Undergrad: 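I am attaching a structure below and will ask some questions about it afterwards.
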Amino acid sequence: MKLALVGIGKIARDQHVPAIAASPDWDLAATVSRHGAVDGVEAYDDFDRMLEERADIRVVSLCLPPVPRFDYAARAIRAGRHVMLEKPPGATLSECHALERMARDMRVSLYATWHSREADMVQAAKAWLAGKHLKTLVITWKEDVRRWHPGQEWIWEPGGLGVFDPGINALSILTEIVAEPMHVTAARLDVPANRQTPIAAELAFHHPTARATMVLDWRQEGDQTWEIRAETDGGTLQLLDGGARMIVDGAETGEAAPLGGEYPRLYARMKTLLNTGGIDMDLAPMRHVADAFTLGRRETVAPFDW
Ligand code: NAP
């Protein structure tokens with residue numbers, strides 16, 4: 001299937017281009033980017049022109065930051081293209097609902113991807129937790145923003161989510177592996193004095209049986225921490241390295257899911273959606289972020305400069 005990749009930046013180069021190149025199912029037929037391109041692939045800097053000239057390309061994968069994404073997604077759907085959205089699927093929940101309605105009207109597939117859900121041990125963790133009584137759940141997501149988002153100003157602008165840009169990855173795993181409904185009950189958002197979005201945050205959740213909390217921090221130098229720890233009546237689970245490793249009661253465990261890699265699994269899922277005419281627009285991770293921003297007590301912290 002021919003596909004166009006839009007927004008040739010960090011994640012397009014790091015993950016999408018290699019995953020597409022390695023797949024027998026996909027052919028990267030065009031890129032659309034104001035500055036970026038991929039060697040050997042027809043490059044457009046005007047999205048509408050690509051949509052007009054390349055009627056043979058039926059699928060568009062959007063790798064832009066969340067704020068500009070809605071406009072591109074809406075144009076692609078209106079032009080009858082199937083659309084794959086990087087996470088988060090939009091800047092607001094309403095935008096995402098609007099896209100879903102448009103996709104249904106136009107009878108095209110729409111996929112809000114959550115790459116962290118495709119990490120190797122996420123399904124093993126979900127299976128291990130099933131049926132157990134959860135007592136405590138602690139999410140710790142601490143990384144160095146200068147290392148992972150060098151120079152990306154959009155993360156500090158309204159709609160850029162700040163530390164929730166990685167934090168929503170943790171929430172995408174949480175909403176996949178914990179069966180019981182949860183909701184945010186309190187949040188603290190630490191916002192640098194010269195920025196619009198938080199550099200750190202703490203959340204508390206309601207869960208029917210467990211005490212559930214989350215700590216996010218973008219100021220972590222040295223070792224990076226992406227951990228979900230769940231204490232249950234049947235033992236303690238640690239999901240480490242963003243879902244890549246699983247430890248149960250201190251022992252490394254779990255079998256990696258097939259089709260190695262998060263992005264190859266996303267593109268395989270998109271193929272399935274196309275084959276079935278499906279829409280996958282799960283907004284649960286984004287709902288928690290929106291609630292944290294609604295409820296969050298805002299604290300001003302030291303200014304941030306690169
Ligand atoms: P990025 O490199 O800063 O931006 C991606 C591309 O989007 C840019 O190269 C730019 O291409 C285009 N773009 C930026 N602002 C635009 C605007 N206002 N209008 C039109 N195009 C614009 O960002 P990224 O790190 O790849 O992240 C993109 C998305 O992927 C985000 O939603 C992020 O959460 C997600 N993601 C990122 C990572 C990661 O490790 N960075 C991992 C997983 C998911 P041109 O200037 O050439 O048009």
Side-chain angles (χ1 to χ4, degrees), residues 4-20 30-39 41-51 60-76 83-93 95-96 99 111-119 122 141 143-173 196-198 216 218 220 224 226 241-244 261-267 269-270 281 283 285-286 288-290 306:
L5 207 50
V6 182
I8 305 302
K10 187 170 188 310
I11 198 59
R13 290 182 201 288
D14 287 358
Q15 298 291 345
H16 289 258
V17 172
I20 295 163
T31 60
V32 183
S33 205
R34 298 163 311 179
H35 311 97
V38 173
D39 280 351
V41 178
E42 186 174 10
Y44 288 84
D45 59 11
D46 182 320
F47 189 48
D48 290 326
R49 195 158 70 82
M50 189 283 290
L51 292 172
V60 173
S61 180
L62 299 178
C63 306
L64 309 156
V67 169
R69 196 170 315 122
F70 174 78
D71 183 44
Y72 281 76
R75 279 190 273 165
V83 174
M84 201 167 155
L85 304 164
E86 249 300 347
K87 48 73 39 169
T92 68
L93 287 164
E95 274 183 10
C96 297
L99 289 179
Y111 181 17
T113 67
W114 298 106
H115 67 87
S116 291
R117 279 188 182 168
E118 307 301 331
V122 169
W141 230 248
E143 62 173 53
D144 182 353
V145 64
R146 292 185 176 87
R147 189 160 141 196
W148 302 104
H149 296 274
Q152 291 184 341
E153 287 295 331
W154 61 264
I155 57 176
W156 299 114
E157 293 299 321
L161 296 194
V163 74
F164 284 91
D165 178 78
I168 204 168
N169 297 336
L171 292 166
S172 72
I173 297 175
Q196 293 290 323
T197 58
L216 307 174
W218 244 350
Q220 170 112 337
Q224 309 286 285
W226 299 285
D241 299 344
E262 298 176 8
Y263 282 78
R265 289 186 196 115
L266 294 181
Y267 278 96
R269 169 95 182 116
M270 184 64 186
M281 198 69 178
L283 302 178
M286 207 168 151
H288 287 312
V289 175
W306 298 103

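Not measured: the values here are computed from a predicted model. Remember, it's 1-based here, ligands and their atoms both numbered in the order they're listed.
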Undergrad: To check your reading of the model: name the closest protein heavy atom to atom 42 (C) of ligand 1, its residue, and the distance in Å.
TA: Ile11 CD1, 3.2 Å
Undergrad: Would you confirm whether Thr197, through its side chain, and Ile155, through its main-chain N or O, come within 3.5 Å as a donor-acceptor pair?
TA: yes
Undergrad: Can you pull out the closest protein heavy atom to atom 44 (C) of ligand 1? Residue, atom name and distance to 0.1 Å, please.
TA: Glu86 OE1, 3.2 Å
Undergrad: May I ask you to identify, for Asp14, whether its side chain, its backbone, both or neither come under 4.0 Å of ligand 1 on a heavy-atom basis?
TA: neither
Undergrad: Should you measure from each heavy atom of Ile8, which atoms of ligand 1 turn up under 4.0 Å away?
TA: 9 (O)
Undergrad: Can you confirm, on distance only, whether ligand 1 has an N/O atom lying under 3.5 Å from any N/O atom belonging to Ser33?
TA: yes
Undergrad: Could you tell me if any non-hydrogen atom of Phe47 lies under 4.0 Å from any atom of ligand 1?
TA: no
Undergrad: Of all the non-hydrogen atoms in the protein, which one sits nearest to atom 34 (O) of ligand 1, and at what distance?
TA: Asp165 OD1, 2.6 Å
Undergrad: Does some non-hydrogen atom of Gln15 fall short of 4.0 Å from ligand 1?
TA: no
Undergrad: Output the list of atoms in ligand 1 that are nearer than 4.0 Å to some heavy atom of Gly36, sorted by atom number.
TA: 47 (O)
Undergrad: In terms of atom number and element, which parts of ligand 1 are under 4.0 angstrom from non-hydrogen atoms of Tyr263?
TA: 43 (C), 44 (C)
Undergrad: Does Arg265 use its side chain to pair, donor to acceptor, with the backbone of Arg117 at less than 3.5 Å?
TA: no
Undergrad: Does the side chain of Gln220 pick up a donor-acceptor pair with the side chain of Trp141 at under 3.5 Å?
TA: no
Undergrad: Tell me whether His149 has any N or O atom under 3.5 angstrom from an N or O of ligand 1.
TA: no
Undergrad: Distance to 0.1 Å, residue and atom name: give those for the protein heavy atom nearest to atom 27 (O) of ligand 1.
TA: Trp154 CZ2, 3.7 Å
Undergrad: Do me a favour and list the nearest non-hydrogen protein atom to atom 25 (O) of ligand 1 with residue, atom name and distance?
TA: Gln152 NE2, 2.8 Å
Undergrad: Rounded to the nearest 0.5 Å, what separates atom CG in Asp71 from atom CG in Leu64?
TA: 9.5 Å
Undergrad: Has Lys87 got a side-chain atom pairing as donor or acceptor with Pro166's backbone, closer than 3.5 angstrom?
TA: no
Undergrad: Looking at non-hydrogen atoms alone, which of Gly9, Ser116, Pro65 comes nearest to atom 7 (O) of ligand 1?
TA: Pro65
Undergrad: Using side-chain heavy atoms (C-beta onward) and a distance below 4.5 Å, is Val67 in contact with Glu157?
TA: no
Undergrad: Out of Lys10, His16, His35, His115, whose heavy atom sits nearest atom 43 (C) of ligand 1?
TA: His115
Undergrad: For atom 15 (N) of ligand 1, tell me which residue out of Glu262, Lys87, Arg34 has the closest non-hydrogen atom.
TA: Arg34
Undergrad: Could you tell me if Tyr267 and Ser61 have a donor-acceptor pair between their side chains, going purely by distance under 3.5 Å?
TA: yes
Undergrad: If only atom types and distance count, is the side chain of Asp241 paired as donor or acceptor with the main-chain N or O of Ala244 below 3.5 Å?
TA: no
Undergrad: Donor-acceptor check, side chain of Glu118 to backbone of Tyr263, threshold 3.5 angstrom: yes or no?
TA: no
Undergrad: Numbering the atoms of ligand 1 from 1, which are under 4.0 Å from a heavy atom of Tyr72?
TA: 20 (C)
Undergrad: Rounded to the nearest 0.5 Å, how far apart are CG of Leu161 and CE of Met286?
TA: 7.5 Å
Undergrad: Which heavy atom of the protein is the closest neighbour of atom 18 (N) of ligand 1, given with residue, atom name and distance?
TA: Pro68 CG, 3.6 Å
Undergrad: Which heavy atom of Met281 sits nearest a heavy atom of Leu85, and at what distance?
TA: CE-CD1, 3.8 Å
Undergrad: Among Asn169, Leu64, Leu85, which one has a heavy atom closest to atom 29 (C) of ligand 1?
TA: Leu64
Undergrad: Show me which atoms of ligand 1 lie under 4.0 Å from any heavy atom of Pro66.
TA: 32 (O)
Undergrad: Nearest 0.5 Å please: distance from the CH2 atom of Trp218 over to the CZ atom of Arg147.
TA: 14.5 Å
Undergrad: Where is the nearest protein heavy atom to atom 5 (C) of ligand 1: which residue, which atom, and how far?
TA: Cys63 O, 3.6 Å
Undergrad: Does some side-chain heavy atom of Pro88 sit less than 4.5 Å from a side-chain heavy atom of Val289?
TA: no
